[in-house]
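Encoded as structure tokens, the structure appears first; notes follow it.
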There are 2 protein chains.
Amino acid sequence: MNLTELNETPFLPPDCSACKQKTLCLPEGLSNEEFVNCSNIVTFNKKISKGSRLFHAGDPLRFLYIVKLGSVKSSIVTDEGREQVIGFNMSGEMLGIDGIYHGFHTCTATALEDSEVCVMPYEDLEALCGQSPAIDSHVRRLFSREIVLQHHNLLMLGSMSSTERLAAFLLSLSKRFETRGFSRTEFVLRMTRADIGSFLGLKLETISRALSKFTELGLIEIHQKHVHIVNPKGLRSILQEHKRI
Amino acid sequence: MNLTELNETPFLPPDCSACKQKTLCLPEGLSNEEFVNCSNIVTFNKKISKGSRLFHAGDPLRFLYIVKLGSVKSSIVTDEGREQVIGFNMSGEMLGIDGIYHGFHTCTATALEDSEVCVMPYEDLEALCGQSPAIDSHVRRLFSREIVLQHHNLLMLGSMSSTERLAAFLLSLSKRFETRGFSRTEFVLRMTRADIGSFLGLKLETISRALSKFTELGLIEIHQKHVHIVNPKGLRSILQEHKRI
DNA sequence: CGGATTCTTGACCGGGATCAATACTTGTGG
DNA sequence: CCACAAGTATTGATCCCGGTCAAGAATCCG
């Protein structure tokens with residue numbers, strides 16, 4: 001029996017105005033009516049168990065998703081068998097935008113832990129955009145954020161050494177946990193070293209070595225997946241060593 | 001005196017329905033009225049001379065642009081002095097989307113040759129989106145295309161060797177020239193080796209060597225910036241060598 | 001022309017990949 | 001509850017791709 005399917009809860013109507021995460025995915029200053037509209041297009045929340053797929057490359061675009069709880073990784077696989085993790089997604093972050101262009105998804109979203117997402121039929125979202133300029137505008141901002149984020153990732157892959165990439169990665173995670181109300185110095189990596197490596201264009205051994213090096217330098221403490229950033233400034237300075245020319 | 005400024009032609013009203021490039025940036029099946037609307041938000045075409053900037057990182061977002069003629073490179077520069085070319089843009093491609101999220105641009109767009117762009121005040125574009133669901137939807141598709149494209153670039157930087165990246169780059173250029181009605185086997189590189197290198201996360205010497213290697217293999221002929229793809233299949237097979245495991 | 005920019009090629013070096021062995025963690029079924 | 005298997009992480013040894021430094025050639029442009 002498939003837990004994933006059982007775990008869908010289509011009969012619990014979502015209420016965006018009561019959602020703790022609303023500041024992450026919705027703009028400020030929405031009217032009550034607009035909140036109701038938003039809740040209406042989130043047709044249901046879906047629970048996905050660790051390792052299961054939210055959507056696959058090739059699947060027709062039916063929904064956009066917003067992570068409500070947990071975390072998800074997005075990756076692409078080519079005909080030639082290349083695999084590339086293109087991002088890790090936490091609460092409030094949107095998934096599935098890639099599918100709009102072709103009408104089908106080009107990447108695959110996999111739950112890194114038991115998670116929960118808000119499911120929005122894309123048709124309904126488009127209709128709502130037509131009704132509410134505030135939402136319409138907000139959606140464009142979310143899309144733009146995605147692009148800005150990818151630019152940053154390209155910068156990492158294109159111009160940083162392995163340790164610089166890993167430092168940037170840890171700092172980025174740290175910041176995202178902080179904006180979600182968690183500790184910015186202690187958190188749990190939900191993904192494997194291989195996932196991090198793929199995301200950063202490195203091999204898992206290199207990730208492992210770099211983590212060990214950071215530990216030796218007293219920048220972090222790490223036990224399995226539990227990370228403690230002991231010296232955030234030191235981590236940041238790794239990115240700035242570049243400057244000294 | 002600044003040629004760039006002189007070259008603006010605000011008094012020639014654009015007519016999208018008569019534009020040769022319209023299939024590249026507009027959806028099919030627009031009504032006459034919608035064409036007029038589009039033309040109205042393209043307040044003017046702007047000519048930019050080689051080397052001049054369309055916008056700078058930090059500039060407030062006022063316009064989105066579509067390349068009409070010529071080509072443009074987009075790049076980001078960090079505090080630490082890192083520089084990363086994030087893309088090359090040809091006719092029909094949109095520029096400036098990155099600025100929507102923060103309200104200011106995060107990358108810089110530089111003309112690689114004397115070029116011409118359609119200038120659309122972002123406010124007007126938003127207003128038009130509110131009026132025309134077809135345009136609204138199309139804008140989201142264009143944004144999504146940008147994201148899909150960046151995913152592909154991440155794949156290149158994250159999982160390809162230098163020759164693979166260059167082969168992918170040349171094939172991508174080839175395809176884009178073809179869809180614009182130019183030869184897919186002979187074209188001129190508008191950017192320097194250093195630009196290509198930055199885009200692909202490699203040094204210019206590596207680009208030069210890889211081009212020489214392709215020439216030795218009989219895959220291409222290259223004289224300065226003029227490229228002739230002699231053996232497209234061969235180039236493609238470089239990407240697929242990966243497969244054989 | 002002549003100077004600046006761009007490109008090519010060579011020699012050498014080093015960072016990260018690869019291969020390999022081992023340890024640790026997690027989960028499953030007897 | 002333990003045993004075993006599968007997945008995950010660490011660390012070492014070695015190799016090679018692409019970076020770096022450097023010299024020279026070609027091209028562009030005023």
Side-chain angles (χ1 to χ4, degrees), chain A residues 1 3 49-52 73 82-85 110 112-114 156-167 169 188-217 220-227 238 241-242 245, chain B residues 1 3 49-51 73 82-85 110 112-114 156-169 188-217 220-227 238 241-242 245:
Chain A
M1 201 179 303
L3 269 180
S49 57
K50 181 176 176 176
S52 69
K73 79 169 174 186
R82 283 176 221 280
E83 198 175 345
Q84 176 71 31
V85 172
T110 311
L112 290 171
E113 58 187 314
D114 291 354
M156 280 205 305
L157 294 191
S159 73
M160 290 187 188
S161 70
S162 63
T163 47
E164 289 169 343
R165 291 182 210 186
L166 189 61
F169 175 70
V188 174
L189 300 174
R190 255 47 242 224
M191 67 296 286
T192 67
R193 308 287 195 262
D195 285 335
I196 301 174
S198 170
F199 179 59
L200 298 178
L202 301 165
K203 294 294 162 181
L204 69 99
E205 294 95 328
T206 306
I207 302 300
S208 190
R209 277 184 238 273
L211 287 172
S212 301
K213 192 181 173 189
F214 287 170
T215 305
E216 285 168 28
L217 292 171
I220 65 171
E221 281 169 8
I222 185 161
H223 300 101
Q224 278 305 111
K225 308 214 163 184
H226 188 100
V227 178
I238 285 197
E241 280 172 24
H242 211 251
I245 301 177
Chain B
M1 199 181 306
L3 268 178
S49 57
K50 181 177 176 175
K73 79 169 174 187
R82 284 176 220 279
E83 198 176 343
Q84 176 71 31
V85 173
T110 310
L112 290 170
E113 58 188 312
D114 291 353
M156 279 206 304
L157 294 192
S159 74
M160 291 188 188
S161 69
S162 64
T163 48
E164 289 169 344
R165 291 181 210 186
L166 190 61
F169 175 70
V188 173
L189 299 174
R190 256 45 244 223
M191 67 296 288
T192 67
R193 307 286 195 264
D195 285 336
I196 300 175
S198 169
F199 179 59
L200 298 178
L202 301 165
K203 294 293 163 183
L204 68 101
E205 294 95 328
T206 307
I207 302 300
S208 190
R209 277 184 240 273
L211 287 171
S212 300
K213 192 181 174 188
F214 287 170
T215 305
E216 284 167 30
L217 293 171
I220 65 171
E221 282 170 7
I222 185 161
H223 300 100
Q224 277 306 111
K225 307 214 164 185
H226 188 101
V227 177
I238 285 197
E241 279 172 24
H242 210 252
I245 302 176

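So that the names make sense, note that chain A is the first sequence line, chain B the second, and so on, each numbered from 1. Quantities reported herein were computed from a predicted structural model and do not represent experimental measurements.
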With sequence neighbours excluded, residues passing side chain to side chain donor-acceptor pair (under 3.5 Å) with [X]:
| X | answer |
| --- | --- |
| B:Arg193 | none |
| A:Thr110 | A:Arg53 |
| B:Lys73 | B:Asp195 |
| A:Gln224 | none |

In whole angstrom, what separates [X]'s [atom1] from [N]'s [atom2]?
| X | N | atom1 | atom2 | answer |
| --- | --- | --- | --- | --- |
| B:Asp195 | C:dT5 | CG | C1' | 13 Å |
| B:Lys225 | C:dT5 | NZ | P | 14 Å |
| A:Leu112 | D:dT8 | CG | P | 11 Å |
| A:Ile220 | D:dA9 | CD1 | P | 14 Å |
| A:His226 | D:dA9 | NE2 | P | 16 Å |
| B:His223 | C:dT8 | NE2 | P | 11 Å |
| B:Leu189 | C:dT6 | CG | C1' | 13 Å |
| A:Ile207 | C:dG15 | CD1 | P | 17 Å |

- Counting N and O atoms only, with roles assigned by atom type, does the side chain of B:Asp114 sit under 3.5 Å from a partner on the main chain of B:Ser49, one being a donor and the other an acceptor? no
- If you look at every strand shown and take non-hydrogen atoms under 4.0 Å, does B:Thr192 touch a base, only sugar-phosphate, or nothing? sugar-phosphate
Not counting sequence neighbours, which residues clear salt bridge (charged side-chain N to carboxylate O under 4.0 Å, His left out) with [X]? List them please.
| X | result |
| --- | --- |
| A:Glu221 | none |
| A:Glu205 | none |
| B:Glu113 | B:Arg190 |

Close N/O contacts between protein and nucleotides 26-28 of chain D (under 3.5 Å):
none

Look for any protein N or O under 3.5 Å of an N or O in nucleotides 16-22 of chain D and output each such pair with its distance, or none.
| unit_1 | atom_1 | unit_2 | atom_2 | d |
| --- | --- | --- | --- | --- |
| D:dG18 | OP1 | B:Ser162 | N | 2.6 |
| D:dG18 | OP1 | B:Ser162 | OG | 3.4 |
| D:dG18 | OP2 | B:Ser162 | OG | 2.7 |
| D:dG19 | OP1 | B:Lys203 | N | 3.4 |
| D:dG19 | OP2 | B:Lys203 | N | 3.4 |
| D:dG19 | OP2 | B:Thr206 | OG1 | 2.2 |
| D:dT20 | O4 | B:Arg209 | NH2 | 2.9 |
| D:dC21 | N4 | B:Glu205 | OE2 | 3.3 |

- Taking C-beta and beyond as the side chain, do A:Met156 and A:Phe199 meet within less than 4.5 Å on heavy atoms? yes
- Note on the structure: Terminal axes of the helix from C:dC1-D:dG30 to C:dG30-D:dC1 (5 end pairs apiece), angle rounded to 10 degrees, sit apart by 50°
Which pairs would a plain distance check flag for residues 206-216 of chain A, meaning a side-chain donor or acceptor within less than 3.5 Å of a matching protein atom at least two apart in sequence or in another chain?
| unit_1 | atom_1 | unit_2 | atom_2 | d |
| --- | --- | --- | --- | --- |
| A:Ser212 | OG | A:Ser208 | O | 3.0 |
| A:Thr215 | OG1 | A:Leu211 | O | 2.9 |

- Results of side chain to side chain contact (heavy atoms under 4.5 Å, CB included) for A:Lys225 - residues two or more places apart only: A:Val188, A:Leu189, A:Thr192
- Item | Side-chain N,O (B:Arg193) to OP1/OP2 (C:dC7) below 4.0 Å | yes
